[in-house]
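Reminder, nothing fancy here: chain letters follow the sequence lines and each chain counts from 1. Predicted, not measured: the structure shown is a model, and the values here were computed from it.
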Amino acid sequence: MTFRAKHLLGIEHLHPTEITTLLDLADSYADHNRRGVAHRDVLAGLTQINMFFENSTRTQASFEIAGKRLGADVMNMEMQASSIKKGETLIDTALTLNAMHPDLLVVRHPHSGAVDLLAQKVNCAVLNAGDGKHEHPTQALLDALTIRRAKGRLHRLSIAICGDVAHSRVARSNIMLLGKMENRIRLIAPPTLMPSGMNEFGCEVFEDMEEGLKDVDVVMMLRLQKERMDGGFIPSEREYFHRYGLDAAKLAHAKPDAIVMHPGPMNRGVEIDGTIADDINRSVIQEQVEMGVAVRMAAMDLLAQNLRAARADTQGVMV
Amino acid sequence: MTDTLFINARLIDPVALTDTLGALLVRGGRIAEVFDTNPDAGDAQVIDCSGKCLAPGIIDIGVKVSEPGERHKESFRSAGRAAAAGGVTTIVTRPDTLPAIDTPETLEFVERRAQADAPVHVLPMAALTKGREGREMTEIGFLQDAGAVAFSDADRVVTDSKVFSRALTYARSLDALVIGHTQDPGLSKGAAVTSGKFASLRGLPGVTPMAERMALDRDIALLEMTGARYHASQITTARALPALERAKRNGLNITAGVGVHHLTLNEMDVADYRTFFKVKPPLRSEDDRIAVVQAVADGLIDVISSMHTPQDEESKRLPFEEAASGAVGLETLLPAALRLYHAEMIDLPRLFRALTLNPARVLGLEAGRLQAGAPADLILFDPDAPFQLDRSQLLSKSKNTPFDGARMQGKVLGTWVDGDRIWEKA
């Protein structure tokens, strides 16, 4: 068995071979998606519920398309509008949903660890679509697939992760994934947006962007998460752009063939210059979105296989 | 009332700092005499301790009994039974109830309830400011007359230094003890864990350990100004220790405590968002834990408390940031503290100095000693007896212990209050 996980809660507990298995499958789905090859039998008869306790258009749409391409019955639940407002606890919501016997539960929640908590209470496969400042595993996997396709490998690369590391679950998942695959990780951020202890994760920490970008293969920009800040992390957006925004002059310090990534949605003119983002020779941002669907298809395919195998086992015991 | 003679006892004396075999006679609710060999029993009822430890009963400063307001979490009856089973003979209750204990009337309610239901001594604290809101001081004089042994806003800091300095000045005129929570409110706002590698890994909001020293430094400056009698309820970080040491050396009227969870657990115990390990202040790094244990052994930190904080399942079964803080501790205080003894970080007399004698001194009580004339608040315990903790067996109404399933050593065999046996191990 090369992918044994029951849930996809984070990168932390994945083995490198599980990551490779998932990326290989996603790679083929990406090609099939481009050619328009349908796979509507893979999740046929399974119910996928997207529970987003936090606003997201892009990720939710990506999971929905992935599920539908594989033939799942997909349902979106607007959690902000419903039970939370009525005071229902997360666990009660989970138990209620569980009683409806979904097969795949895609969850985004504003609190770190909330998806882990929910996964303990349900019988289906849970996919973490982002929990607080903790993890966003499918984003890290789609980033990995994008890098692998652009660079031809996913090891011994020098990768810079720049910007609002403190508030970023994307950064945490990427640090873990890229570390597991044996890459050099450089973190670049103003000290107020750098979480403490990052050098203990085997990352090099830089406050100066030009120094940090020197000779890297990949430049991964992060979105400045204004909605998660309670003020005072940076003096102003224009000063931030001046010192940490990716423009042509700063990018010139990276390798000439370095690719530029961004998890979206972008704040143009804050963390990234619009012309860099749109430069088809450097930016792989659109490819990231495309790989997102493929990676989510692969993740749900593998989890559904494990789910069906587990159910077959229990039925065998019961007979 | 007949005399009681404890023979073959391993006497843990926190005054002389000795751990020796001997006997002890109780007469009229007080310790009458301490012997180094078994004397003639005469008419006394004899209890053969068989070499097990006889020590003063624990005096636990900062126990939350959730009456009034949240009796479903803990009542005086359940807290009293838990205390008796845990070897705690005096609980000093916190005023952070609903409503806060900030008037003589609410204080009298607490005393009446305690009197009716709790088998152990209950000494109430009162709030330092009305509603614990940090704006106006409470009727410290009336509250003291009504029996308040200390004044504290529990886990809230009086942010306005002017309000706090006035309260300290006024308290000084009555020789009232003020107990402070030392966490800088700005830095600790919204924090769920201590900042550092673990907080970063889990994506949880952290507070720098420096927040504790900053708040302690402010309070020390105000003590220097006002001369008040002050106890820092929980000192949990290495960086706060030099400031505490200096304040003591300069002759300020300051003592300090620490919760047993900070002596026995560290931030990593939170692991995968286990909310039973969410306490206030948050668990610290292992380096801080070691430094604080050493400070207890050296006597720089005076008091060990359980910081007993009952929370129901509902308030803990939430995402970590939203979950309530606090852990129950009355029944696990002794076995948890004994982990330090078994790890050879502290000897039993010094451990009991922090559990009994020092809290008695801070509060001006006669208890907490194995000396003729002291109240016969005693516990008999086996420091080595092993067990695995099952939280469903706790006598507290709330079962939010971080030690569920933990292997521990140390069982209380009997508890006496004023010479009466109030608990005996089944």
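In this structure the side chain of B/P319 reaches within 4.5 angstrom of the side chain of A/H109, judged on heavy atoms. Residues B/D272 and A/H13 form a side-chain contact, since some pair of their non-hydrogen atoms from C-beta on lies under 4.5 Å apart. Side-chain contact check for A/L117 versus B/F320: every heavy-atom pair is 4.5 Å or farther apart.
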Walk me through whether B/R202 and A/R172 qualify under side chain to side chain contact (heavy atoms under 4.5 Å, CB included).
CA-CA 9 Å; B/R202 284 284 168 269; A/R172 282 174 181 73; over 6 Å; no
Side chain to side chain contact (heavy atoms under 4.5 Å, CB included) between B/L201 and A/M176: does it pass, once the steps are laid out?
CA-CA 10 Å; B/L201 180 68; A/M176 266 179 266; 4.0 Å; yes
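Here the straight-line distance linking atom CZ of B/R317 with atom CG of A/D92 works out to 7.0 Å at 0.5 Å rounding. Separating the OG atom in B/S200 from the NE2 atom in A/H134 is a distance of 11.5 Å, to the nearest 0.5 Å. Of the inter-residue distances, the one linking B/E313 atom CD with A/I91 atom CD1 reads 10.0 Å to the nearest 0.5 angstrom. Taking CG of A/L90 as the reference point, atom CG of B/L318 lies at 8.0 Å (rounded to 0.5 Å).
The existence of a salt bridge linking A/K133 and B/E321 is excluded, since no basic side-chain nitrogen approaches an acidic carboxylate oxygen closer than 4.0 Å.
The environment of CZ in A/R243 is sparse: at most 12 heavy-atom neighbours from other residues, nucleotides or ligands sit within 6.0 Å. A/E182 CD: 12 or fewer foreign heavy atoms inside a 6.0 Å radius. Heavy-atom neighbours of B/R274 CZ from other residues, nucleotides or ligands within 6.0 Å: above the threshold of 12.
Interface remark: A/E135 contributes no atoms to any contact with chain B (heavy atom separation under 4.5 Å).
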